[in-house]
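Contents: one structure, followed by commentary.
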Number of protein chains: 2
Amino acid sequence: MDISALRSANPEHWSKAAAIRALTLDAVHAANSGHSGMPMGMADVATVLFEKHLKFDAKAPDWPDRDRFILSAGHGSMLLYSLLHLTGYEDMTLEEVKNFRQWGAKTAGHPEYGHAKGIETTTGPLGQGISNAVGFAMAEEMLRARFGRKLIDHHTYVIAGDGCLMEGVSQEAITLAGRHALGKLIVFWDNNNITIDGTVDLSDRTDQIKRFRSAGWQVLEIDGHNPAEIDEAITAAKKTRKPTMIACKTHIALGHAAQDTSKGHGALTNEDQMAAAKAAYGWTSGPFEVPRDIKAAWEAIGRRGAADRAAWEAGFAELSDQRQALFNRIFARETPKKLSAVIKALKKQISEEAPKVATRKSSEMVLEVVNPIMPETVGGSADLTGSNNTKSGDMTVFDVDNRKGRYVYWGIREHGMAAAMNGMLLHGGIRPYGGTFMCFTDYARPSMRLAALMRIPTVFVMTHDSIGLGEDGPTHQPVEHLAISRATPNTWVFRPCDTVETAEAWELALMSKETPSVLSLTRQGLPTLRLEHKNKNLTAQGAYVLAEAEGKREAILLATGSEVEIAMKARDMLHAEGIGTRVVSMPCWELFEQQDEAYRKRVLPAGSAVRVGVEASVRQGWDRWLCGERGREARAGFVGMEGFGASAPAETLFEKFGITAEGVAAKVKSLL
Amino acid sequence: MDISALRSANPEHWSKAAAIRALTLDAVHAANSGHSGMPMGMADVATVLFEKHLKFDAKAPDWPDRDRFILSAGHGSMLLYSLLHLTGYEDMTLEEVKNFRQWGAKTAGHPEYGHAKGIETTTGPLGQGISNAVGFAMAEEMLRARFGRKLIDHHTYVIAGDGCLMEGVSQEAITLAGRHALGKLIVFWDNNNITIDGTVDLSDRTDQIKRFRSAGWQVLEIDGHNPAEIDEAITAAKKTRKPTMIACKTHIALGHAAQDTSKGHGALTNEDQMAAAKAAYGWTSGPFEVPRDIKAAWEAIGRRGAADRAAWEAGFAELSDQRQALFNRIFARETPKKLSAVIKALKKQISEEAPKVATRKSSEMVLEVVNPIMPETVGGSADLTGSNNTKSGDMTVFDVDNRKGRYVYWGIREHGMAAAMNGMLLHGGIRPYGGTFMCFTDYARPSMRLAALMRIPTVFVMTHDSIGLGEDGPTHQPVEHLAISRATPNTWVFRPCDTVETAEAWELALMSKETPSVLSLTRQGLPTLRLEHKNKNLTAQGAYVLAEAEGKREAILLATGSEVEIAMKARDMLHAEGIGTRVVSMPCWELFEQQDEAYRKRVLPAGSAVRVGVEASVRQGWDRWLCGERGREARAGFVGMEGFGASAPAETLFEKFGITAEGVAAKVKSLL
């Protein structure tokens, strides 16, 4: 690579891009870890994008109509941090850049949403950013349709590498983008022909150009170090109604001894080689120093959108108070005031009518009353709409000719759905929920984890949540998935026992601002157990006494979801034998853990009563409640699953696996 | 669809295919659940495949050189069960077909490996079968190269639907197949244009033809109800060196009132409509009745391969005793006798030399001695070869011109890698292991679960298993993944504390015949703690006393992996204060659970000693050992993670999160 030719061809561009490269080398050197090569390879693309196209104002990073820039190849985090610092984002100080990858710094190894403004999403796990981006672009389409072009009209730009494109989730993302003609989504492919193991060819020979075209994308091919070509390609990308992939031929670790090698992917910390690279760049400043003129040029870029932003605010001020309030509410992730009343009314009605319905159906009943008052909700399902009961009657289907549609047919793409829902939430103004079978939590896991890590309240509607699914068999029957979801930090796992608890769980999930929720819902019908209406949301306490013991309390049954009915029946049997039995419904362990000790003690008093947990799931985690919390192992038991399920009618399975009222009563008696 | 034209065009073919369709209708009707439409749509393709191409002998279903038939669209299980029954597989009796989806039947809702011969893999979770198939085809290439065409020379056929092709993992699979020019892999795409939510168009407009071509496949397009076209396409597919996708235009639920609708996907049980469909087929037999001539024709198909099989056996008998023994051993999943000696020798050497190494490096040291004596191992990594330490020095890289290569560069495809490894194991003759970062267990989860469900001993090498990963930050730091793996039934989760335990874990993982293993290995260096050589594999007991208390035992520290070192240091500190402390290393909870109570009691005696668990992971599951097993909550504590990690050097993170010897000692003292 003839660096001097690049320099002389466009010196002003070059010096700005060189600032990114130099900061990257310095930060990685200081941290003695990180990934130098990608920022050095993509600096030219990023520079042209920020200088000529990206609509943003570094002083107003929350401007709702900004273009979104997503670094899907998150290991190249120094590219993003450099850009934010250079353009003048207030919280990306030079100090932060110097503290790259250190405790407490905003400059984590991979970009983390919430650490600093301008980081639109957390990336690093490959394929996630490009898949989030589909959600960002869908959210933009939806909100533009609803609020008009004056309020919402922006692009979503992504930088993705070969890692992102090899991950399967990227296929789900790009086919979704193609299907929905997301013309405002523009992806730069950092085509540097290098992965960690060596050249891409070692593991992949896919023709990415043809692949993206097969999914309905426009594809442009450019030299990723030629500013004019980059500029022209972005201009062309903005003109089409298709999503655009710009294949950028680049050199990883440009200008460094490790250029074009897999070594160039990682931390380039050799001082002599750094010096040589900087010399090639014509960069004479010391470590972390950016010449004043170059910094000024970058800061001018950071202010480039200020006038647009001011105009936008003037336009916003012209909206009716009501429209302004709605816009502000949904971007603040606030629920409407009416929500509480609507939930209470439904609870009251249910307690009176006491229907027997599956909780997936209960969930639909909630959505029928919630969606009409929350225009920001967007529902969907990974091709199980009729089974997940995720589509309320008022919802129309999002499509190319119905951008106001609030329901998404995600197709058989659980992972892409979860990632895109995260993207919608991160964009702002949308409150997404999506369904699949609980067992296929597995497919969506990487994105569910990121929702928890990013502290965003995505809602995962997981139906068919146990062997109660029946004949489809163990491939479709979750047994470990409650434990998996509960093991994940910052995740609320709701397993409601009836429609009342389902309504309460939905209320909490929608009111959550920082915690994603998993709703674990049954396929099979369940009776209403909450027959006495209470305005209070009992599920908010995580666990509560559903039915008190008659006479002396000798046993406490702890159960969730469909097994609460079984526990209640066991209680009847035990009472018939004079064994006083309390039933504790535990719809959300995480919220129960957050209660003070006095409350927890009231629900689970110490003492001689035996404790039996009942859940059609593995025992993992249950000992906390059975043996811990002042329980005693010798007086604790569990009725649940010890292994995978089987294919048979649901009633047969509960019988054969011993998850029955008789089984629970027998377990209690064996412990007394 | 003019059924009568199809019937009259080729009556002999038609009647055989109609038998599949009628059995499907009858079985689904009897079960009152299941998926009728797919078998009815793909019966013609399957009939031609079995009649004219598939190399198999129904009486010798384990013949190693049989063609493999994989129903990736597993919900259409009645297609497979019908074929197995009709062609005369002994264990697929008519009784089994009648008991479709009932307790104890071999005919589960989705095909389950191990239930009946002829079921090559468990499918149902979409995208898995086609991804397993890549592993089958790779195994075939490898074994053909090693044993020669006389012994191994067969095809892998797959039926996949739109669901399989929309799942991201299918992209990983097809790009792998294209990269490795797996010419013996032939995929039929059931192009019926229907998913559960409606027409495919609702969620996807991908040009699958172009997509597969972009990945290096040959693609053929045919009418999936025209036997001649089907035959010609398969013939053409067998002639190329590329993998072939045959796009079969079909009608779901052919001939039924629900034909070409999403309703046709599910259970078609309406009796009038069934009667009408059968009438259209010209099928006059009663439920579950197959006319004798049609059954005879199918049974002849089942015997078609008998001569080939006999010839194969004659050829096998000509091999040297040694070659025969090797072949039989690897197909029986037996380890070589030498394995034990090699492991013992390594353990002895390590105990003497006491190196300080990361357990990922320990794992490489084991592979260096194991791979040379186990030619059936195939290693690989999802683009982290140098980090996962999965490539031993003797291994060459599998490639188009090196089919004997035993190392696979899987690329950034954790899910595809896991699924393909399962396929290799299911094929037989290969013992695969593959690596990625422990955190990306998430991406591979669906296939890891299936390994457990299928009872196959795939080995997942998961390195960088805690905050010890350091600067890459919380996106790459597992905290819940030990809990997730442990929650999964039939999975051994090994978290060795040093090289000796790593060697023991590998020995167990390789000797396992029915249980997959997760090896949880560190990035950071660890001292050798097992300084006294023992021939016995202590890890086989799951947990054991690594260091006894001096004086009166007041505390028991339970730890795994990198935290055993911390526990040992805490023990020193406590001893210095006169607090007798036992350290229990727990490299495999699942194996400890399997020990008898007497042993468990010796390791974790009841009594007043406080118990503190130490693991850089969430607490979930630990209460079993801390409060349960005769422990007492008031005297139990845990030192670990309460949430996600952070980006900083590893030592800083252990310090900041309080996972230190000082922290453990303080916890003990607070409980005393």
Side-chain angles (χ1 to χ4, degrees), chain A residues 33 101-103 108-110 124-126 163 166-169 171-172 175 179 195-197 202-207 210-211 214-216 383 385 409 411-413 415 442-443 445-446 449 453 471-475 480 483-484 487-489 618 620-621 623-624 627-628 633 643-644 647-648 652, chain B residues 33 101-103 108-110 124-126 163 166-169 171-172 175 179 195-197 202-207 210-211 214-216 383 385 409 411-413 415 442-443 445-446 449 453 471-475 480 483-484 487-489 618 620-621 623-624 627-628 633 643-644 647-648 652:
Chain A
S33 88
R101 295 182 153 235
Q102 303 310 304
W103 179 262
H110 294 80
L126 293 169
M166 275 197 237
E167 290 288 1
V169 68
Q171 180 69 11
E172 302 183 24
T175 54
R179 166 62 185 83
T195 74
I196 292 174
D197 276 350
L202 285 179
S203 57
D204 193 45
R205 291 181 182 162
T206 306
D207 185 330
K210 287 187 182 155
R211 176 193 174 199
S214 79
D383 199 45
T385 295
Y409 286 127
I412 300 102
R413 303 182 182 98
H415 195 175
D442 283 351
Y443 282 77
R445 257 296 296 170
R449 179 179 208 258
L453 179 59
E471 293 90 340
D472 272 351
T475 52
E480 72 273 44
I484 287 172
T488 310
V618 297
Q620 185 179 298
D623 290 277
R624 161 81 194 262
C627 307
E633 187 186 26
F644 293 109
S647 173
T652 307
Chain B
S33 89
R101 294 181 153 235
Q102 302 311 303
W103 179 263
H110 293 79
L126 293 168
M166 273 197 239
E167 291 287 1
V169 68
Q171 181 69 11
E172 302 183 23
T175 53
R179 166 62 186 82
T195 74
I196 291 174
D197 276 352
L202 286 179
S203 57
D204 192 46
R205 290 180 184 165
T206 306
D207 184 330
K210 288 187 182 153
R211 175 192 175 201
S214 78
D383 198 44
T385 296
Y409 285 127
I412 301 104
R413 303 183 181 97
H415 196 175
D442 283 352
Y443 282 79
R445 258 294 299 170
R449 179 180 207 257
L453 179 59
E471 292 91 341
D472 272 352
T475 53
E480 71 272 44
I484 287 172
T488 310
V618 297
Q620 186 176 299
D623 290 278
R624 162 80 194 264
C627 307
E633 186 188 27
F644 294 109
S647 173
T652 307

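Only heavy atoms go into these numbers, but all of them, side chains included; no hydrogens, no water, no symmetry mates.
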Can you tell me which of [options] forms the most heavy-atom pairs within a distance under 4.5 Å of chain A?
{"options": "B:Gly473, B:Pro446, B:Ala108", "answer": "B:Pro446"}
{"options": "B:Gly168, B:Ser214, B:Gly628", "answer": "B:Ser214"}
{"options": "B:Thr206, B:Asp383, B:Ile196, B:Asp623", "answer": "B:Asp383"}

Distance check, rounded to the nearest 0.5 Å: [X] atom [atom1] versus [Y] atom [atom2]?
{"X": "B:Gln620", "Y": "A:Thr488", "atom1": "CD", "atom2": "OG1", "result": "8.5 Å"}
{"X": "A:Asp207", "Y": "B:Arg211", "atom1": "CG", "atom2": "CZ", "result": "14.0 Å"}
{"X": "B:Gln171", "Y": "A:Gln171", "atom1": "CD", "atom2": "CD", "result": "4.0 Å"}
{"X": "B:Glu167", "Y": "A:Arg413", "atom1": "CD", "atom2": "CZ", "result": "9.5 Å"}
{"X": "A:His110", "Y": "B:Ser647", "atom1": "NE2", "atom2": "OG", "result": "9.0 Å"}
{"X": "A:Ile412", "Y": "B:Leu126", "atom1": "CD1", "atom2": "CG", "result": "6.5 Å"}

* To do: Under the side-chain contact (heavy atoms from CB on, under 4.5 Å) rule, what do B:Asp204 and A:Tyr409 come out as? Steps first, then yes or no, please.
  => CA-CA 9 Å; B:Asp204 192 46; A:Tyr409 286 127; over 6 Å; no
With a 3.5 Å distance limit and no angle check, can you tell me whether [X] reaches the backbone of [Y] through a side-chain donor-acceptor pair?
{"X": "B:Asp197", "Y": "A:Thr385", "value": "yes"}
{"X": "B:Glu480", "Y": "A:Ala487", "value": "no"}
{"X": "A:Tyr443", "Y": "B:Val169", "value": "no"}
{"X": "A:Asp472", "Y": "B:Gly109", "value": "no"}

* To do: Measure B:Thr195 against the heavy atoms of chain A and call it side chain, backbone, both or neither at under 4.5 Å.
  => both
Contact summary for [X] and [Y], nearest pair of heavy atoms:
{"X": "B:Leu453", "Y": "A:Pro474", "result": "CD1-CB, 3.8 Å"}
{"X": "A:Met166", "Y": "B:Gly411", "result": "SD-CA, 4.0 Å"}
{"X": "A:Gln102", "Y": "B:Ala648", "result": "C-CB, 4.1 Å"}
{"X": "A:Pro125", "Y": "B:Thr475", "result": "CD-CB, 3.6 Å"}

* Could you walk me through whether B:Arg445 and A:Ile484 pass side-chain contact (heavy atoms from CB on, under 4.5 Å), step by step? => CA-CA 11 Å; B:Arg445 258 294 299 170; A:Ile484 287 172; 3.4 Å; yes
* To do: Start with the C-alpha distance between A:His415 and B:His415, add both sets of side-chain angles, then the distance that settles side-chain contact (heavy atoms from CB on, under 4.5 Å), and finish with yes or no.
  => CA-CA 12 Å; A:His415 195 175; B:His415 196 175; over 6 Å; no
* Asked: Given the options A:Arg624, A:Glu471, A:Glu172, A:Arg179, which has more heavy-atom pairs under 4.5 Å with chain B than any of the others?
  ->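 Heavy-atom pairs under 4.5 Å are most numerous for A:Arg179.
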* Pick from A:Ala215, A:Gly216, A:Gly163 with the largest number of heavy-atom pairs that fall under 4.5 Å of chain B ->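 Highest number of pairs under 4.5 Å: A:Gly163.
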